[in-house]
Number of protein chains: 2
Amino acid sequence: MIVNKLKDLRENKMKQAERSEDWTQEGLALRLGVTRQTIISMEKGTYNPSLVLAFKIAHEFGVAIEDIFEYRDDTNES
Amino acid sequence: MIVNKLKDLRENKMKQAERSEDWTQEGLALRLGVTRQTIISMEKGTYNPSLVLAFKIAHEFGVAIEDIFEYRDDTNES
DNA sequence: TTTAAATGTAAAGTTTACTATACGTTAAGT
DNA sequence: ACTTAACGTATAGTAAACTTTACATTTAAA
């Protein structure tokens, strides 16, 4: 499974960024070329982004994919 | 778009690895939990892996996602 | 306390990743 | 030349990512 820090990162941007409206779900969605629904579902963990979208997100936040998304092997979960 | 070094990396493993059969398309597919078709299509660039699969691939090769997959913005291509 | 921006929820439809199956081609060993 | 492992191609089907639309809830400011 994949866990992500999307919501936390975005909310931090909302607080700290000069142009906070750039970091609303809608603002981010626009720049990423996806819908707000897609942002919501990713933040909730309903589904994982495609690799392309993961790259775009990492680029928007100025970090590496691994800084936002973490893979956890759960093949043998109790 | 995304370009990847999958085929090169795998072929290098075929030559250099002790157990070369681990790095055939089929051997790799088995360990990744996908079909050989999936490997073929990724190596051809027919489609991109999901983020989960990209993580698994990076793990198998012992590198970061960014070492295998590269994102290239092609929104304004001539 | 109303207004509006931001967030949340739900459900049906489209696109793309991935499977399953089957058969053809290449390369290397014997 | 024959065999066989590895690779390639094609195509129909399933699953998951993503869109579209519509409406409901929260939050903060006027």
Side-chain angles (χ1 to χ4, degrees), chain A residues 1-61 65 68-75, chain B residues 1-61 65 68-75:
Chain A
M1 68 175 300
I2 287 181
V3 294
N4 74 74
K5 302 174 182 163
L6 243 183
K7 187 163 187 176
D8 283 352
L9 286 174
R10 191 182 59 78
E11 285 176 347
N12 284 341
K13 289 285 189 180
M14 281 286 280
K15 289 175 195 150
Q16 297 165 12
E18 296 171 7
R19 299 178 41 84
S20 74
E21 68 264 34
D22 284 349
W23 297 98
T24 61
Q25 290 178 341
E26 193 165 21
L28 179 58
L30 260 169
R31 294 205 305 292
L32 292 172
V34 298
T35 64
R36 195 167 61 87
Q37 279 309 316
T38 300
I39 306 290
I40 291 171
S41 298
M42 285 189 299
E43 290 190 351
K44 275 206 308 180
T46 302
Y47 59 67
N48 301 125
S50 66
L51 184 55
V52 180
L53 184 48
F55 266 114
K56 287 182 183 172
I57 291 169
H59 184 254
E60 279 298 326
F61 283 96
I65 286 181
I68 306 183
F69 302 95
E70 184 187 348
Y71 176 63
R72 289 184 189 166
D73 188 0
D74 59 351
T75 44
Chain B
M1 69 175 300
I2 287 181
V3 294
N4 74 73
K5 302 175 183 163
L6 243 183
K7 187 163 186 175
D8 283 353
L9 286 174
R10 190 182 59 78
E11 285 176 347
N12 283 341
K13 289 285 189 180
M14 282 286 281
K15 290 173 196 152
Q16 296 164 13
E18 296 171 10
R19 298 178 42 84
S20 75
E21 70 263 34
D22 284 350
W23 298 97
T24 62
Q25 291 178 339
E26 192 164 22
L28 179 59
L30 259 169
R31 294 206 305 290
L32 292 171
V34 299
T35 64
R36 195 167 63 89
Q37 279 309 316
T38 300
I39 306 290
I40 290 172
S41 297
M42 284 188 300
E43 290 190 351
K44 274 206 307 181
T46 303
Y47 59 67
N48 301 124
S50 66
L51 184 54
V52 180
L53 184 48
F55 266 114
K56 286 182 184 173
I57 291 170
H59 184 255
E60 279 298 326
F61 283 97
I65 287 180
I68 305 183
F69 302 95
E70 183 187 347
Y71 175 65
R72 289 184 188 165
D73 189 0
D74 60 350
T75 45

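Residue numbers begin at 1 in each chain, while the letters A, B, ... track the order of the sequences.
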Aromatic rings B:Phe55 and A:Tyr71: how do their planes relate, parallel, tilted or perpendicular, breaks at 30° and 60°? parallel
How do B:Met14 and B:Val52 order along DNA chain D: which one's closest nucleotide is nearer the 5' end? B:Met14
Nearest-0.5 Å distance that lies between atom NZ in B:Lys7 and atom CE in B:Met14: 11.5 Å
note: A:Lys15, atom NZ; D:dT27, atom P; distance rounded to Å ~ 13 Å
Would you check if the side chain of B:Arg31 reaches a backbone N or O of B:Glu60 as a donor-acceptor pair within less than 3.5 Å? no
Write down the distance between NZ (A:Lys44) and P (D:dA16), rounded to a whole number of angstrom. 16 Å
Using a cut-off of under 3.5 Å, enumerate the N/O to N/O pairs linking the protein to nucleotides 18-22 of chain D.
{"unit_1": "D:dC18", "atom_1": "OP1", "unit_2": "A:Ser50", "atom_2": "N", "d": "3.1"}
{"unit_1": "D:dC18", "atom_1": "OP1", "unit_2": "A:Ser50", "atom_2": "OG", "d": "2.7"}
{"unit_1": "D:dC18", "atom_1": "OP2", "unit_2": "A:Ser50", "atom_2": "N", "d": "3.2"}
{"unit_1": "D:dT19", "atom_1": "OP2", "unit_2": "A:Thr35", "atom_2": "N", "d": "3.0"}
{"unit_1": "D:dT19", "atom_1": "OP2", "unit_2": "A:Thr35", "atom_2": "OG1", "d": "3.0"}
{"unit_1": "D:dT19", "atom_1": "OP2", "unit_2": "A:Thr38", "atom_2": "OG1", "d": "2.2"}

Please report the distance, rounded to the nearest Å, between CD in B:Glu43 and P in D:dT9. 12 Å
Can you see whether A:Thr35 engages A:Thr38 through a side-chain donor-acceptor pair at a distance of less than 3.5 angstrom? yes
B:Lys13 and B:Glu11 ion-paired at < 4.0 Å: no
So, does B:Arg72 use its side chain to make a donor-acceptor pair with the main chain of B:Val3 at under 3.5 Å? no
Span of DNA chain C, from the first to the last nucleotide whose atoms fall under 4.0 Å of chain B heavy atoms: C:dA17 to C:dA22
Nearest-angstrom distance from the residue atom CD1 of B:Ile39 to P of D:dG8: 12 Å
Go through B:Asp8 and B:Lys5 one step at a time and tell me if the salt bridge (Lys or Arg N to Asp or Glu O under 4.0 Å) criterion holds. CA-CA 5 Å; B:Asp8 283 353; B:Lys5 302 175 183 163; over 6 Å; no
Kindly give the heavy-atom pair with the smallest separation between B:Pro49 and B:Met42, and that separation in Å. CB-SD, 3.4 Å
Without decimals, in angstroms, what is the distance between B:Leu6 CG and D:dC7 P? 13 Å
